[in-house]
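All heavy atoms count here, side chains included; hydrogens, waters and symmetry mates do not.
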Amino acid sequence: MLLHAAVLLPLLFTIFVPLLYKAFPKLHTGWAVLAVPVVLFVFFVMQIPGQMNGGSAQSAAIPWIPALDISFALVLDGLSLLFALLITGIGALVVLYSISYLSRDKEAIHRFYVYLLLFMGAMLGVVLSDNLIVLYGFWELTSLSSFLLIAFWYKRDRSRYGALKSMLITVAGGFAMLGGFVLLYVMGGTFSIRELVAGLDGFSGDALFVPAMLLVLLGAFTKSAQFPFHIWLPDAMEAPTPVSAYLHSATMVKAGLYLVARMSPVFAGEAVWFWLVSGVGLATLLWGSYCAVRQTDLKAVLAYSTISQLGLIMSLLGIGSAAAHQGMAEDAVAAYAGAIAAALFHLFNHATFKGTLFMVVGIVDHETGTRDLRRLGGLMALMPVTFALALVASFSMAGIPPFNGFLSKEMFFTGALKAAELSLFGVPGWSALFPIIAWAASVFTFIYCMIVVFKTFAGRFKAEALDHKPHEAPLLMLVPPAVLASLVIVVGLFPGLVAGSLIEPALAAVLPAQADAYHVKITMWHGWTTELFMTIGVVAVGIALFLTLRYWQGIYALLPGRLTFNRVYDGLLRVLDRGSLFLTGRYMTGSLRHYLIYIFAFMIGLLGWMMLRLDVLGGGSPVYAELSFYEVVLVAVIVLAALAVPLAASRLTAILLTGAVGYIVSLLFVVLRAPDLALTQLIVETVSVTLFLLCFYHLPKLRKEMAPLPFKLGNALISVGVGLVVTTIALVVSGARKFDSISDFFIAQSYELAGGRNMVNVILVDFRGFDTLLEIMVLGIASLGIYALIKLRLADGEGGERLENK
């Protein structure tokens with residue numbers, strides 16, 4: 001149950017945040033919220049020894065909807081533990097950072113922390129869930145909470161635009177993913193991920209297997225901002241910097257990577273999976289790094305850098321999936337399993353240096369009032385600590401030793417080179433592009449890393465372009481990025497600290513069948529290898545291109561400005577908007593007659609089609625009870641009275657005829673020995689007729705209007721159609737029973753179970769007690785509303801004055 005408590009703690013704590021905000025007006029609410037991720041981080045750190053050296057996964061389940069195979073099942077293994085540590089550890093640093101970044105007096109911090117805790121709990125639910133439907137629920141909760149966080153400054157147009165774009169794209173992908181989960185259930189008969197992996201041999205050859213894979217990948221690609229769905233991530237930078245740091249380093253964008261890693265035991269080894277995951281990842285890596293160089297906003301540079309780094313990790317997950325191919329030699333399995341290890345290691349490293357960089361950019365923005373690279377420069381002397389943090393994190397992202405990014409970048413080159421040798425999955429020539437794309441993208445990565453550091457902190461100080469003189473950030477704002485930068489250095493120098501404790505258990509969860517073939521061992525020096533020469537080439541070419549940036553940066557102007565993915569997105573929204581307005585304008589005419597025609601026509605078409613399809617009319621002769629003389633006479637009078645209503649010359653006559661129909665129905669209930677229904681009908685008819693008379697008395701006299709023949713024919717067709725369908729259904733239902741009547745149960749059990757001799761009363765009060773209770777509540781609320789309208793009537797003009805005063 002501790003796993004459930006870990007997931008629910010952030011969600012439940014959101015209830016107390018507004019209370020703490022009001023109860024302690026002088027205390028920054030972040031200090032109270034900080035306890036939640038700290039406690040959770042300590043809890044997950046304590047689970048590390050249990051996952052090391054082949055430790056078994058922890059699991060816990062609470063039944064939810066057993067009939068649909070849905071349970072609140074959680075599993076903690078090496079993969080989920082790695083993500084949980086990032087979510088809670090960086091979450092604690094983000095909360096600490098936000099205490100200095102967000103002012104209690106100027107910002108609605110209680111809302112901010114509610115959204116942040118909601119985000120944290122949703123991410124923990126995603127990475128710990130074993131049931132696919134529960135995972136989907138938390139998945140969409142991350143989209144909702146990220147929408148609220150991105151739109152935190154909701155008065156800004158760009159904040160609302162970015163929040164809406166992120167939600168539309170990720171939620172659409174989530175729906176596709178849900179379809180994939182349903183197909184997996186159809187094939188495997190379970191929503192449990194572990195059970196699907198165990199029973200994979202029984203459905204891996206199914207015709208639905210590849211469609212399920214594609215739908216799941218669509219959800220992962222949209223969530224992790226893979227090409228061409230990457231367009232939402234740069235617009236998400238409109239969120240406060242603590243949100244950006246959290247979203248980019250440890251949470252939402254990593255959810256797609258988690259899903260690919262978690263579903264690898266199901267889909268890995270398939271050619272479609274290999275090419276899609278690795279190909280889309282490489283395309284994202286190259287495009288993201290290429291676009292990052294052209295940005296002039298620091299957060300935009302980091303946003304595109306995140307896209308490129310996510311593509312790098314995704315491509316490694318795709319390359320490593322080859323290790324699961326059947327019949328592969330053990331040394332080849334170890335080689336491709338190393339790509340998965342590189343992906344997991346770089347995922348950890350990316351969280352450390354990207355979290356540092358976003359916090360550094362937040363400091364620069366906080367102290368200078370701008371993120372525009374054209375206005376920045378020369379901050380090295382004024383903000384030396386911030387510069388040092390930026391230097392460490394940027395060099396790590398660029399893949400320069402001795403930082404942790406260098407180690408995982410070398411492992412990435414190894415994986416790309418191994419992919420070039422792959423002869424599986426057909427079209428082997430395409431795999432030769434892997435190391436070429438990896439190297440070219442790494443050059444652009446090096447360039448934008450140098451831009452972040454030297455365009456901001458080196459060069460001429462432009463005091464005239466800034467609103468106020470910058471200075472070093474307060475200590476509390478420097479501590480969180482300093483902690484992450486320290487991890488960048490420590491893990492770079494001593495990678496064994498995480499290799500055996502975090503990366504290897506996570507690798508065993510991604511490739512359970514191949515876990516014994518590869519043991520994670522990460523070292524700084526491997527000799528004069530091809531990977532090292534590739535890194536040297538990246539640094540040399542990157543420095544040359546960075547120094548000559550102004551001479552070749554014009555190539556970006558060659559791209560057609562109108563052919564962008566953002567324009568496609570905006571164009572689709574405009575088409576949907578105009579289409580919806582056009583369609584709505586066709587049926588929302590303001591005419592009550594039109595609305596009734598739509599409703600009745602739909603009813604006639606749907607029910608009529610279903611009766612024809614089910615052949616309810618040809619299923620034999622239904623058996624009806626014999627009609628007595630009195631029943632025939634009453635029914636005939638009802639029909640005549642109903643036919644006379646539309647022919648009445650005045651409203652009074654029409655009301656009286658309508659009431660006559662109701663009163664005769666009451667008499668029919670008496671003949672059929674249903675006195676309760678007869679009394680109810682009498683009361684309803686009396687009240688209805690009285691109200692009609694009171695209301696219609698004030699209307700002008702009824703005038704006969706000449707209507708065209710098509711108008712009359714349309715009304716006649718709809719009326720006759722409704723009458724025929726309803727009458728047919730009533731006759732079929734009452735004359736033919738496919739199931740035994742429940743009345744026998746009520747007759748036998750009314751006294752035994754409820755202690756009542758009046759069966760009708762027992763049904764209403766006991767067997768249908770909740771239904772009756774809700775009906776009474778509705779009547780009570782309506783009565784209170786009517787009483788309030790009568791008692792609180794305002795004098796003429798008084799209501800308008802009150803509204804104006806408000």
Side-chain angles (χ1 to χ4, degrees), residues 5-42 87-126 137-138 140-164 166-167 236-252 299 355 358-359 362-363 365-366 473-477 479-481:
V7 173
L8 296 177
L9 177 61
L11 305 178
L12 295 176
F13 198 81
T14 58
I15 301 172
F16 302 100
V17 171
L19 302 177
L20 293 170
Y21 177 76
K22 291 185 177 180
F24 301 97
K26 295 184 178 180
L27 177 69
H28 198 288
T29 313
W31 290 112
V33 174
L34 180 61
V36 175
V38 169
V39 169
L40 291 175
F41 180 71
V42 171
I87 293 165
T88 55
I90 295 183
L93 295 175
V94 165
V95 172
L96 183 63
Y97 178 83
S98 67
I99 295 174
S100 291
Y101 190 86
L102 296 175
S103 170
R104 191 187 194 282
D105 300 326
K106 299 178 181 179
E107 306 285 358
I109 60 172
H110 58 297
R111 288 194 295 108
F112 174 81
Y113 287 117
V114 167
Y115 303 157
L116 192 68
L117 288 174
L118 192 66
F119 197 25
M120 185 183 300
M123 278 301 304
L124 286 174
V126 167
F138 283 115
E140 297 297 31
L141 186 57
T142 62
S143 296
L144 175 62
S145 52
S146 65
F147 169 83
L148 295 172
L149 286 168
I150 296 169
F152 179 70
W153 289 322
Y154 58 89
K155 293 184 179 180
R156 302 178 182 179
D157 292 337
R158 296 301 303 175
S159 295
R160 298 195 302 272
Y161 174 82
L164 181 62
S166 68
M167 187 171 71
M237 70 181 181
E238 297 298 329
T241 296
V243 175
S244 300
Y246 198 34
L247 188 149
H248 285 247
S249 63
T251 51
M252 186 167 167
K299 283 184 77 172
F358 264 104
M359 292 180 186
I363 292 172
D365 188 15
H366 193 271
L475 179 62
L476 191 61
M477 193 177 285
V479 169

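Contact check for I99 versus T29: no side-chain heavy atoms found under the 4.5 Å cut-off. L117 has its side chain out of reach of L11: every pair of non-hydrogen atoms, C-beta onward, lies at least 4.5 Å apart. Residues E107 and W153 have side chains in contact (heavy-atom distance under 4.5 Å, counting atoms from C-beta outward). You'll find the side chain of F358 reaches within 4.5 Å of the side chain of H248, heavy atoms only. For the pair F13 and V114, the minimum side-chain heavy-atom distance is 4.5 Å or more. Looking only at side-chain heavy atoms (C-beta outward), V243 and F152 stay at 4.5 Å or farther from each other. Using a 4.5 Å cut-off on side-chain heavy atoms (C-beta onward), V94 and M359 make contact. Between R111 and Y154 the shortest side-chain heavy-atom distance falls below 4.5 Å.
Under a 3.5 Å cut-off, the side chain of K299 and the backbone N or O of G362 do not form any donor-acceptor pair. With H28 contributing its side chain and I109 its backbone, the two residues share no donor-acceptor pair below 3.5 Å.
A distance of 6.5 Å separates CZ in F112 from CG in L149, rounded to the nearest 0.5 Å. From M167, atom CE reaches atom OG of S145 across 11.5 Å, with rounding to the nearest 0.5 Å. For the atom pair CZ (R104) and NZ (K26), the distance works out to 11.0 Å, reported to the nearest 0.5 Å. The distance from the CE atom of M252 to the CD1 atom of I87 is 13.0 Å, given to the nearest 0.5 Å. To the nearest 0.5 angstrom, D365 atom CG is 5.0 Å from Y101 atom OH. To the nearest 0.5 angstrom, T241 atom OG1 is 12.0 Å from L247 atom CG.
Nearest heavy atoms, I150 versus A163: CG2-N, 3.6 Å. The shortest non-hydrogen separation linking S249 to G355 is CB-N, 3.8 Å. The nearest pair of heavy atoms linking A6 to P10 is O-CD, 3.3 Å. V7 and F138 make their closest contact through CG1-CZ, 3.7 Å (heavy atoms, listed as atom of the first residue, atom of the second, distance).
Within a 6.0 Å radius of CZ in F16, no more than 12 heavy atoms belonging to other residues, nucleotides or ligands are found.
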Quiz item: Under the side-chain contact (heavy atoms from CB on, under 4.5 Å) criterion, do T251 and T142 qualify, and how do the steps go?
Solution: CA-CA 9 Å; T251 51; T142 62; over 6 Å; no
Practice problem: Test side-chain contact (heavy atoms from CB on, under 4.5 Å) on F119 and L124 and set out the steps. | Solution: CA-CA 9 Å; F119 197 25; L124 286 174; over 6 Å; no
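Judged as a side-chain hydrogen bond (donor to acceptor under 3.5 Å, both in side chains), the pairs with a partner in residues 91-100 (not counting sequence neighbours) are, in order, S98-Y113.
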